[in-house]
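Step one of this worksheet: look at the structure below.
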Amino acid sequence: MHDRRIGDRELTLGVSGKLVDGNLVMYDRETDSLWQQNSGVAVEGDLGGERLEELPEQDWAMLPWGEWRRRHPDTLVLTCAHCEGRGAATGT
């Protein structure tokens with residue numbers, strides 16, 4: 001997992017729908033640069049060649065949902081309407 005900040009700039013990342021060598025490619029909404037998920041390197045765009053800093057494992061390790069919410073109360077969880085009621089986390 002990587003920090004989404006480059007210097008003093010915080011990036012908003014999204015899923016591009018692309019894969020490179022079986023790895024998800026993200027994009028940032030600020031520059032439209034493409035980022036490899038596994039390495040955190042921008043492979044294309046204005047930020048090409050930049051690298052997102054890898055976060056220490058204790059900042060992202062798998063935790064029970066209640067513990068995660070305690071540590072990160074502002075977390076938002078992506079869900080979908082047809083998933084409601086099927087055990088999908090909603091952030092509440």
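Heads up: numbering here begins at 1 and tracks the sequence.
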R9/E30 ion pair, N-O < 4.0 Å: no
Please round to the nearest 0.5 Å and tell me the distance separating atom [atom1] of [X] and atom [atom2] of [Y].
X: R5; Y: E10; atom1: CZ; atom2: CD; answer: 6.5 Å
X: M26; Y: K18; atom1: CE; atom2: NZ; answer: 13.5 Å
X: M1; Y: E54; atom1: CE; atom2: CD; answer: 10.5 Å
X: L52; Y: D3; atom1: CG; atom2: CG; answer: 7.5 Å

Nearest heavy-atom neighbours spanning [X] and [Y]:
X: N23; Y: Q36; answer: CB-NE2, 4.5 Å
X: R51; Y: I6; answer: O-CD1, 3.8 Å
X: R4; Y: T12; answer: NH1-CA, 4.1 Å

Beyond-backbone contact of [X] with [Y], side-chain heavy atoms, under 4.5 angstrom:
X: W35; Y: V43; value: no
X: Y27; Y: L11; value: no
X: L63; Y: R71; value: yes

Verify same cluster id: L13, V20 (apolar side-chain graph, 4.5 Å):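 No; tracing contacts between hydrophobic side chains, which count when under 4.5 Å, never links both residues.
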Among D28, V25, V41, whose side-chain contact (heavy atoms from CB on, under 4.5 Å) with L34 holds? V25
Any donor and acceptor pair, going by atom type alone, linking the side chain of S33 with main-chain N or O of D46 inside 3.5 Å?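 Yes: the side chain of S33 pairs with the backbone of D46.
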